[in-house]
Amino acid sequence: MEETSQQNKKVVYSAVQPSGNLTIGNYVGSIRNWIDMQDDYTCYFAIANMHAITVRQDPALLRRHTLELAALYIACGLDPEKCALYVQSMVPQHAELCWTLNTVTYVGEMQRMTQFKDKSAKHADNINMGLMDYPVLMAADILLYLADYVPVGADQTQHVEIARDIAIRFNNRFGETFRVPEALIVKQGAKIMSLQEPTKKMSKSDENINASVYLSDDKDTVIRKFKRAVTDSDNRIVASEEKPGVSNLLAIYCAFRGCTLEAAEKEFEGRGYGDFKLAVGETVADAIAPVQAEQKRLLVDKTYLNGVLKEGAERAFKTARRTLNKVYRKVGFYQGE
Ligand code: AQP
């Protein structure tokens with residue numbers, strides 16, 4: 001990356017947790033949208049393993065999922081030459097800034113976060129401090145790189161809002177330090193819903209494997225899951241609030257086809273659910289097949305992946321250290337003479 005040409009570019013930061021196999025929701029809601037940004041922005045794309053351990057993870061699996069996600073990023077089209085692609089825990093400033101930001105964040109506002117409430121209900125036996133602190137760590141991730149934009153799915157809007165609040169609060173208290181970031185939410189596929197409970201978000205950690213379509217699913221599995229998708233008994237292929245299942249399938253179809261909702265409704269007018277589900281399944285399976293093949297190819301070359309992640313962490317570290325030094329100066333931490 002050319003140092004001078006980078007200086008005038010706006011900054012983009014985003015991340016995904018290596019907390020399981022990625023779903024088509026993670027793909028269309030986030031990663032896919034990062035690809036076109038690489039040429040026009042200074043980009044940092046992390047693998048958020050520190051966020052992942054806020055719920056229990058098997059250590060060996062977490063390591064494996066981390067490398068798989070690195071390979072997936074590249075397979076989706078991220079170019080490690082153009083963006084810093086790295087693992088969050090390899091850049092210690094994330095945890096350090098998080099600690100400082102904790103002191104300008106209130107317990108009440110963390111307890112009100114939707115994800116905290118959802119995950120506390122889902123993991124009632126493990127409501128740990130990290131789970132509550134998740135949004136502050138995410139604020140640290142974003143603010144460390146002075147990011148202008150954060151491309152995420154709609155479920156993360158609230159967390160970007162709190163990162164903005166924290167940035168403004170810190171700036172007001174200690175003087176101009178952070179840039180106030182903006183969430184970028186895609187128009188199509190910002191919130192893909194579960195195939196089994198279409199009023200609930202599709203999640204990589206859903207216990208019902210038929211609820212989520214994983215990027216690692218083969219064609220037969222993808223088609224089978226779509227065939228089993230919950231719809232309704234009225235047989236009209238139109239999007240409406242009363243038809244969450246059909247609306248979700250249409251949204252998935254549009255996101256993968258790149259067509260409008262009106263065009264999709266027109267295409268399936270007068271056709272049955274069986275036909276429709278098969279078409280959605282085939283469209284998705286065909287779109288993810290090349291990504292799967294490329295990820296598989298990349299995963300064979302661990303030396304290459306390790307090199308990419310090391311280089312990405314070094315690049316991220318340089319910016320992160322500069323911001324953290326400034327933060328430490330502002331809050332009055334002694335840093336040597
Ligand atoms: N269903 C979704 N539709 C669109 N975008 C989605 N994202 C997640 N689910 C959907 C977006 O994917 C990015 C990475 O998410 P994450 O791994 O940081 O955590 P998450 O939002 O909690 O995603 P999951 O799949 O639900 O993970 P688990 O089950 O581990 O909690 C984010 O930009 C997110 O908005």
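The figures here come from the full heavy-atom set of this structure, side chains too, leaving out hydrogens, waters and symmetry mates. Note that the structure is a prediction, hence the values are computed from the model and not measured. Each ligand, and each atom within it, is numbered from 1 in the order the structure gives.
Every N/O-N/O distance between Lys122 and ligand 1 stays at or above 3.5 Å. Not one N or O of Val152 is nearer than 3.5 Å to an N or O of ligand 1, by distance alone. Geometrically, ligand 1 and Val16 share no nitrogen or oxygen pair separated by less than 3.5 Å. At least one N or O atom of Met202, backbone or side chain, sits closer than 3.5 Å to an N or O atom of ligand 1. At a 3.5 angstrom cut-off on N or O pairs, Gly153 counts as close to ligand 1. In terms of N/O distances under 3.5 Å, ligand 1 is not approached by Ser14. Residue Asp155 has at least one N or O atom closer than 3.5 Å to an N or O atom of ligand 1. Geometrically, ligand 1 and Gln156 share a nitrogen or oxygen pair separated by less than 3.5 Å.
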Exercise. Please step through salt bridge (charged side-chain N to carboxylate O under 4.0 Å, His left out) for the pair Lys318 and Glu314, ending with a clear verdict.
Key: CA-CA 6 Å; Lys318 277 190 202 153; Glu314 283 165 4; over 6 Å; no
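Using a cut-off of 4.0 Å between Lys/Arg side-chain N and Asp/Glu carboxylate O, Lys82 and Asp39 are scored as salt-bridged.
Counting heavy atoms closer than 4.0 Å to ligand 1, residue Ser205 contributes atoms from both its backbone and its side chain. Counting heavy atoms under 4.0 Å from ligand 1, residue Lys191 touches it through the backbone alone. In Met193, neither the side chain nor the backbone holds a heavy atom less than 4.0 Å from any atom of ligand 1. Only the side chain of Ser30 comes within 4.0 Å of ligand 1, counting heavy atoms alone; its backbone N, CA, C and O stay farther away. Contacts with ligand 1 closer than 4.0 Å are made by backbone heavy atoms (N, CA, C, O) of Ala190 only, the side chain lying farther away.
The nearest protein atom to atom 30 (O) of ligand 1, hydrogens excluded, is given as Ser19 OG, 2.7 Å; this is a heavy-atom distance. The closest protein non-hydrogen atom to atom 6 (C) of ligand 1 is Gly25 O, 3.5 Å. Here the heavy atom of the protein found nearest to atom 27 (O) of ligand 1 is Lys204 NZ, 3.0 Å. The protein non-hydrogen atom at the shortest distance from atom 19 (O) of ligand 1 is Gln17 NE2, 3.0 Å. The nearest protein atom to atom 1 (N) of ligand 1, hydrogens excluded, is given as Ile192 O, 2.7 Å; this is a heavy-atom distance. Here the protein heavy atom with the shortest distance to atom 24 (P) of ligand 1 is Lys201 NZ, 3.5 Å. Ranking the protein heavy atoms by distance from atom 31 (O) of ligand 1 puts Lys119 NZ, 2.7 Å first.
Side-chain N/O atoms of Ser205 and Lys122 include a donor and acceptor closer than 3.5 Å. In summary, the side chains of Tyr106 and Gln111 do not present any donor paired with an acceptor at a separation below 3.5 Å, with no hydrogens or angles considered. Between Thr221 and Asp218, the side chains place a donor N or O and an acceptor N or O closer than 3.5 Å (distance only, hydrogens not considered). Between the side chains of Tyr44 and Thr319, at least one donor N or O sits under 3.5 Å from an acceptor N or O. Between Asp232 and Tyr273, the side chains place a donor N or O and an acceptor N or O closer than 3.5 Å (distance only, hydrogens not considered). For Thr66 and Asn49, the side-chain atoms include no donor-acceptor pair closer than 3.5 Å. Defined by atom type and a distance below 3.5 Å, a donor-acceptor pair is missing between the side-chain atoms of Asn306 and Thr303.
At least one heavy atom of Gly189 lies less than 4.0 angstrom from ligand 1. Within the 4.0 Å heavy-atom cutoff, His51 does not count among the residues contacting ligand 1. The closest approach between any non-hydrogen atom of Asn26 and ligand 1 is below 4.0 Å.
The environment of Glu207 atom CD is sparse: at most 12 non-hydrogen atoms of other residues, nucleotides or ligands sit within 6.0 angstrom.
In this structure, CD in Glu96 is found 11.5 Å from CZ in Arg321, a value given to the nearest 0.5 Å. Rounded to the nearest 0.5 Å, atoms OG (Ser19) and CG (Leu62) are 9.0 Å apart.
Numbered from 1 in the order shown, with element, the atoms of ligand 1 that lie under 4.0 Å from a heavy atom of Gly29 read 4 (C), 5 (N).
When Pro151, Ser203, Pro18 are checked for heavy-atom proximity to atom 26 (O) of ligand 1, Ser203 turns out nearest.
The shortest distance between side-chain heavy atoms of Thr23 and Leu215 does not fall below 4.5 Å. Ser30 places none of its side-chain heavy atoms less than 4.5 Å from the side chain of Val152.
By the 30° and 60° cut-offs, the orientation of the rings of Tyr86 relative to His94 is tilted.
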